[in-house]
Amino acid sequence: MQRKLFRVLALAMIVMSVLAGCGTQGTTTPAEGNQPVATTKPPEAATTQAPASGGGEKVVIRWWHITTAENQKAVWQKLADEYMAAHPNVTIDITVLENEAFKTKLSTVMQSGDPPDIFQSWGGGTMNEYAKAGLLKDITADLDADGGAWRNTFAAGALGVYSYEGKNYGVPWDMGMVGMWYNKALFAQAGVTPPTTWNELLDVVKKLKAAGITPIAVGAGDKWPAAFWWEYLATRMGGSSAFGAAANRTGSFADPAFVDAGKKLQELIALEPFQDGFLGATWGDEATAIGNGKAAMDLMGQWGPGAFADNSADGKGLGENLGWFPFPMVEGGKGDANDAVGGGNGFAIGKNAPPEAIDFVKYLTRAESQAQCAEVGFCIPVVKGGEAGLKDPLMITIQQSLAKAKYFQLYYDQALTPALGSVVNDSVQGIFAGTLTPEQAAQAIEDSAKQELK
Amino acid sequence: MEITATRRTMKSGGNGQAPHRATDSFTIVLFLLPAFVLFTLFVVYPILRSVYFSQFNWNGLGPAVKYVGLDNFKRILTDKIFMTAMKNGLLIVVLSLTLQLPLSLALAIMVGRDLPGRVFFRTVFFMPYVLSEVITGIIWLGLFNAAPERGFINALLVLVGIQPQTFLGNIHQVLACIFAVLTWKYFGLHMLLFMAGLQGIPKELEEAARIDGANGWQVITHVTIPLLASTIRTSVYLSVVGALTQFNLVWIMTRGGPVNASEVMATYMYRYGFVRLWLGYGSAVALVMLVICLIFSIVYLRLVRQPDYLGSY
């Protein structure tokens with residue numbers, strides 16, 4: 001009898017513990033997905049579902065951004081505080097994430113179909129995938145309201161990056177370009193000046209090497225810094241048409257422009273211009289080499305100077321010795337010397353975003369807001385009037401160079417689907433390592449494009 | 001066997017055999033249930049989902065609709081990079097068995113003896129195993145840095161007048177570097193297993209061999225190692241499965257690079273499944289890995305015949 005009682009008790013306990021296990025599982029998972037980390041605000045609970053009629057009903061906006069530097073994220077916080085003060089019914093939950101952590105976390109919530117209301121986006125292929133899956137909110141009507149009042153404040157090229165099949169799913173707040181950062185002191189030491197053509201660049205590389213200076217730093221282990229070289233060469237060789245044709249499948253990534261880009265790149269690689277261990281190096285290693293004056297040139301975006309300083313021994317970087325020039329023109333290329341490869345940052349709007357979220361993004365992209373982030377130096381404004389905040393002469397140079405570009409090429413790994421972008425990066429790394437010929441690299445990308453871009 | 005038999009005789013006490021057997025099986029079911037439910041929920045069910053997703057071209061957003069049948073598997077088996085990953089994995093397995101385990105065994109025999117300072121060395125040798133793989137990876141990433149002013153190993157090389165090496169940035173050196181770190185991290189664990197095994201060997205046997213005129217080496221090869229057989233089998237099994245599923249260290253140190261030179265199956269799966277967001281293809285890779293590990297386990301158990309838990313002596 002006693003034994004039986006014991007068994008029943010044991011069974012009950014086991015069943016309960018199993019159920020309890022399942023129960024906890026069921027409640028914690030969504031909470032983890034929803035609950036922003038860096039917030040002291042009350043949880044949203046019922047409020048997100050509430051239709052926002054503006055009549056003082058409580059609304060919570062979930063905002064994920066990746067601006068982690070103290071002085072920079074303070075700008076976002078200040079803007080959010082201002083907005084909340086003016087709209088007492090709105091609570092803005094800010095989650096600040098580091099770049100890679102953001103990508104991982106975002107892809108998780110996207111797969112569970114619950115995007116944040118406002119989140120960091122680079123536009124292009126990745127954003128298009130989300131739009132295709134119905135995870136983003138179409139804000140075309142908001143941009144076009146009042147005769148396009150909001151739309152017209154943006155530089156058209158930058159805004160276009162956040163549209164897919166004619167509909168807008170986000171807005172830019174920063175747009176920059178990749179160009180050549182160089183160490184003026186090392187250039188002077190080798191007696192060279194910034195080159196304007198590819199052959200001149202090869203010549204500069206030879207002279208720097210002769211002077212015992214590492215000409216170029218590249219983090220080919222991270223792949224994308226290496227891919228910039230090939231993408232720029234392809235843009236110079238093929239002009240505005242080559243990429244467009246290959247991407248919409250009227251052309252091919254095995255076309256001469258792309259193969260020739262690889263061949264030009266080989267000319268450079270043959271000179272062994274890179275720092276030791278460049279194949280395994282990260283972007284951080286690359287920035288360290290430049291920031292400490294161990295290499296003379298670096299093909300990198302507008303965020304370069306901040307990273308050079310952060311990775312230098314004294315935390316200051318090159319200071320006055322840092323210069324910038326656009327990627328040289330390639331002899332015989334079809335492109336224009338002013339064409340730019342680059343990209344920027346923006347905010348995409350999640351499918352469940354309340355109207356207040358869009359209104360808040362409008363607030364974030366006012367000229368005054370843009371000027372504030374430009375002043376702190378973490379954006380090159382895309383809204384007219386925002387450039388008033390730019391103080392750094394190098395940033396002004398980039399902004400002016402960008403304004404001259406007739407054709408703007410978004411980074412390939414952003415413009416294409418994530419999978420194809422990663423094939424581009426892998427293939428270019430193969431050229432850098434000498435394991436792929438230019439033809440093989442171009443063909444590998446084309447093979448993948450055939451599958452991805454149907 | 002013995003235990004069950006004893007229990008049965010203890011319980012049965014002569015009368016009512018049949019009802020007791022029924023409650024017996026009830027108890028068995030009862031005690032198996034929680035493990036069975038958890039196992040099904042968190043192991044069997046995900047595997048079945050992987051089998052399902054592996055037949056789709058799916059990026060994880062929305063439902064999987066592009067059915068491709070077995071195409072994913074065809075692609076894996078014809079993909080050169082996957083072959084590189086397999087080759088690297090097997091190379092690590094072979095090196096583990098031929099270098100890492102003998103080294104651990106030698107050290108276990110050494111520190112298992114009455115040598116001065118053995119406690120100290122035992123602790124030191126075991127320390128790397130206590131570190132997490134991620135931390136280990138980050139530490140060695142720093143040590144292997146290509147610039148002599150930042151990488152300790154290159155600084156040493158320069159000190160003794162050797163050219164600094166690029167290590168993790170070199171297609172030909174990267175795998176050796178990763179294997180060195182794996183050995184550094186895991187020889188302590190195997191050493192500990194061997195030491196535990198050594199303690200189970202009666203001193204008398206070695207003494208008897210010595211009295212019969214065997215020298216130190218003969219004692220080790222003819223007495224110690226044969227008696228350690230079951231521990232060695234466990235060690236080999238852990239080592240092989242660990243090598244086949246290695247991910248953390250490789251991903252932290254090289255991400256499978258440069259140009260796939262240090263790719264292993266798990267990094268391949270992660271790269272394609274989660275970086276490229278081909279979740280269907282990634283599922284297929286995971287299944288291929290599962291099958292490889294399963295085949296190894298079955299073949300291995302067959303080869304060594306009696307698994308230890310059934311009593312191999």
Side-chain angles (χ1 to χ4, degrees), chain A residues 3-4 7-8 10-11 13-15 17-18 21-22 25 103-104 107-108 110-113 126 129-130 132-135 220-223 274-282 285 288-289 292 294 313 417-423 425-427 429-436 448 451-452 454, chain B residues 11 23 26-27 29-38 41-42 57-63 66 68 71 75 80-81 141 144-151 154 163-171 173-174 177 253-262 271-272 274-279 281:
Chain A
R3 185 177 291 166
K4 202 164 202 175
R7 275 185 190 148
V8 172
L11 175 69
M13 277 170 68
I14 287 161
V15 169
S17 65
V18 169
C22 295
Q25 226 269 329
K103 288 183 193 165
T104 311
S107 70
T108 313
M110 282 303 188
Q111 279 159 23
S112 68
T126 308
E129 297 272 303
Y130 293 149
K132 240 188 279 179
L135 292 161
D222 274 351
K223 299 175 187 174
F274 309 114
Q275 85 277 23
D276 285 338
F278 67 95
L279 274 182
T282 61
D285 297 330
T288 308
N292 293 304
K294 301 275 180 202
T417 66
L420 188 50
S422 121
V423 174
N425 290 350
D426 288 352
S427 305
Q429 197 197 26
I431 300 180
F432 270 77
T435 55
L436 291 181
S448 186
Q451 294 194 332
E452 285 285 321
K454 270 181 226 166
Chain B
K11 279 191 343 167
T23 46
F26 176 69
T27 315
V29 169
L30 194 67
F31 279 95
L32 279 180
L33 195 68
F36 180 76
V37 168
L38 290 177
L41 206 63
F42 293 107
N57 180 352
W58 181 53
N59 67 3
L61 301 172
K66 276 189 232 158
V68 293
D71 274 8
R75 253 174 83 186
K80 263 190 244 151
I81 299 173
L141 202 54
F144 277 131
N145 196 300
E149 60 269 32
R150 295 175 70 210
N154 270 323
Q163 272 288 313
Q165 301 294 309
T166 50
F167 295 123
L168 299 176
N170 185 320
I171 301 176
Q173 295 173 353
V174 65
C177 292
M253 284 169 59
T254 66
R255 305 199 158 210
V259 242
N260 310 110
S262 62
R271 176 185 318 287
Y272 287 81
F274 296 103
V275 177
R276 291 196 178 175
L277 281 181
W278 294 345
L279 290 185
Y281 187 75

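Labels below follow one simple rule: chain letters A, B, ... track the order of the sequence lines, proteins then strands, and each chain is numbered from 1.
Only the side chain of A:Thr435 comes within contact range of chain B, with at least one heavy atom under 4.5 Å from a heavy atom of that chain. In this structure, no portion of A:Lys103 lies under 4.5 Å from any heavy atom of chain B. Neither the backbone nor the side chain of A:Lys132 comes within contact range of chain B; no heavy atom of the residue lies under 4.5 Å from a heavy atom of that chain. There is no contact between A:Phe278 and chain B, counting heavy-atom distances below 4.5 Å. With a 4.5 angstrom heavy-atom cutoff, B:Leu168 touches chain A only via backbone atoms. For A:Gln275, no part lies near chain B; criterion is any non-hydrogen pair under 4.5 Å. Only the side chain of B:Leu279 has a heavy atom closer than 4.5 Å to any heavy atom of chain A. Looking at A:Thr288, only its side chain comes within 4.5 Å of chain B, counting heavy atoms on both sides. Residue contact with chain A, scored on non-hydrogen atoms closer than 4.5 Å, is absent for B:Gln173. At a 4.5 Å heavy-atom cutoff, the contact between A:Ala133 and chain B is made by side-chain atoms alone.
B:Arg150 has a carboxylate O that lies under 4.0 Å from a charged side-chain N of A:Asp285, or vice versa, which qualifies the two as a salt bridge.
Contact count against chain A (heavy-atom pairs under 4.5 Å) is highest for B:Asn59 among B:Asn57, B:Asn59, B:Asn260. Contacts with chain B were tallied for A:Ala433, A:Gly277, A:Ala419, A:Ala220; A:Ala419 has the most, counting heavy-atom pairs under 4.5 Å. Ranked by heavy-atom pairs under 4.5 Å with chain A, the list B:Pro63, B:Pro164, B:Gly169, B:Ala146 is led by B:Gly169. Of the listed residues A:Asp276, A:Leu436, A:Leu135, A:Val423, the one with more heavy-atom pairs under 4.5 angstrom with chain B than any other is A:Val423.
Put simply, CD on B:Glu149 and NZ on A:Lys294 are 4.5 Å apart, with the number rounded to the nearest 0.5 Å. Atoms NZ and OG, from A:Lys223 and A:Ser422 in turn, are 7.0 Å apart once rounded to the nearest 0.5 Å.
For B:Asn154 (side chain) and B:Gln165 (main-chain N/O), a donor-acceptor pair under 3.5 Å exists by modelled atom type.
At least one cation-pi condition fails for B:Arg271 and B:Trp278: the charged atom is not both under 6.0 angstrom from the six-membered ring centre and inside a 45 degree cone around its axis. Annotation: cation-pi geometry not satisfied between B:Arg276 and B:Tyr281 (NZ/CZ under 6.0 angstrom from ring centroid, within 45° of ring axis).
Between B:Asn170 and A:Leu279, every side-chain heavy-atom pair lies at or beyond the 4.5 Å cut-off.
The only option from A:Asp426, A:Leu420, A:Thr417 that meets the side-chain contact (heavy atoms from CB on, under 4.5 Å) definition with A:Ser448 turns out to be A:Leu420.
Nearest heavy-atom pair, A:Ser107 versus A:Tyr130, reported as atom, atom and distance to 0.1 Å: CA-OH, 4.3 Å.
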